[in-house]
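First the structure, in the form of structure tokens, and then the observations on it.
Counting starts at 1 for both ligands and their atoms, in listed order. This is a predicted model, so every value here is computed, not measured.
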Amino acid sequence: MTNSMHFGTEAIWGGETELFSEGAIGVPVYQSVAFGYDDMEQWFNVALGREPGHIYSRNTNPTLKVLEDKIRTLDGAEAATSFATGMAAISNTLFAMLHPGDRVVAIKDTYGGTNKIFIEFLPKMGVEVTLCDTTDFDQIEAEVARGCKLLYLESPTNPTLKVMDITRLAKAAHQIGALVVVDNTFATPVNQRPLALGADLVVYSATKYLNGHSDAMGGLVSGRQDLIQEIYHYREITGATLSAQSAYMILRGMKTLELRIQRHNENAMRVAEFLSGHPNVDKVFYPGLPDHPGHDIARRQMDGFGGMLSFSLKGGFDKVVRVLEALRYAHKAASLGSVGTLAGPPKVTSHVELTEAERAAAGIPEGMIRYSVGIENAEDLIADLDQALRQSF
Ligand SMILES: *Cc1c(COP(=O)(O)O)cnc(C)c1O
């Protein structure tokens, strides 16, 4: 795929420029554990990596290869590989890159599962972990300057939508030869391309916007060829391989990624503006709002502000329960990034393991609702929120 193609075209054609077997124009789901050869020489050549081809689906599979080529194209990356879930992509990337004695600098607001890798698993492996305040870029730079193997970022974050200056922090990391990894799940390559901002690797939960329909799980990593090769090798041996069926569903979802994200962006902006003016709402967390602390950075480094927002209610958790129960067009479920709106309280979902004081320290009010704005009609979503807020107060 050449660089002259626009995103919407690449989303359709990336990885799919040749016809598949029998001339299929849809990507076949290669539901096969192994790949057979009548020509022994060819088999051995493929096995030894001297010829392209597939041997065994824990390692490679033709359906997965199309998906990997598609994200590689959309991210403008040298290479990409895939995983069974987003957490498999993140944990395998960290485990492949970090060794005993290494130091990693990350932020306090990473996704809950990622945070567990940092506080529970990496220290056991002899990796020193330093977690910084997410938007204290001076502190992050100072910790990076003390020396580290890897800087791990996520932007925007969950659930307070903090925005990190990827360009500035990547520069600081590269000055000391550290690798930069960015979780781009919330933004997707439509709204943000971390490799162009200086990252070495981008990780995704494909379960969210990339698939977009809440019906398949997966993870992807794209970036520098030599690093992807190491991460792929870790995965082919440890085995968190994506299934062909899920790969197919994710790559079908990705064909409409640009359209969906444009609508998510528009809807979220309208919902955020509506909620900002609502008498029962205390605060709205959305980087598209001019008073959001990360708004200027987001405008610089993103092409859209995304479909995720949170808001806190005037009143405590009892109001959260009432509003959630009154919402008609929102699945009350612990996921995000789907065509359908999803809503839930961070207090009992993503941040249930924190104490009230720890949530307060992380800037997460007890009365907060995280709202993943779907691609429904914005007026219907706003009317739904309005009736839910009215009847709950
Ligand atoms: C959901 C999510 C993950 C984990 O992905 P899974 O597919 O659930 O394993 C990682 N990072 C972010 C930002 C997420 O939202």
**Asked** Where the closest heavy atom to atom 15 (O) of ligand 1 is concerned, which of Met217, Lys208, Met308 has it?
**Response** Lys208
**Prompt:** How about Tyr286 and Phe311: are their ring centres within less than 6.0 Å of each other?
**Reply:** no
**Request:** May I ask you to check if Lys208 and Phe186 form a cation-pi contact, with NZ or CZ under 6.0 angstrom from the six-membered ring centre and within 45° of the axis?
**Result:** no
**Message:** List ligand 1 atoms under 4.0 Å from Gly86, heavy atoms only on the residue side.
**Reply:** 5 (O), 6 (P), 7 (O), 9 (O)
**Message:** Under 3.5 Å between any N/O of Met87 and any N/O of ligand 1: does that happen in this structure?
**Reply:** yes
**Request:** For Lys108 and Leu131, work out which heavy atoms get closest and say how close.
**Result:** CE-O, 3.8 Å
**Asked** Are Phe305 and His295 near enough that their ring centres are under 6.0 Å apart?
**Response** yes
**Prompt:** Regarding Asp109 and Asn158, is there a side-chain donor-to-acceptor distance under 3.5 Å anywhere?
**Reply:** no
**Request:** For ligand 1, indicate whether the residue Thr114 contacts it via side chain, backbone, both or neither (heavy-atom separation under 4.0 Å).
**Result:** neither
**Complete:** If you scan protein heavy atoms around atom 7 (O) of ligand 1, the nearest is Thr207 OG1, 2.6 Å
**Asked** Taking 4.0 angstrom as the limit, do Arg58 and Glu236 come out as a salt bridge?
**Response** no
**Request:** Provide, to 0.1 Å, the distance between atom 11 (N) of ligand 1 and the closest protein heavy atom, together with that atom's residue and name.
**Result:** Asp183 OD2, 2.7 Å
**Prompt:** Starting from atom 4 (C) of ligand 1, which protein heavy atom do you reach first, and at what distance in Å?
**Reply:** Tyr111 CE2, 3.4 Å
**Complete:** The answer for which part of Asn158 has a heavy atom under 4.0 Å from ligand 1 is neither
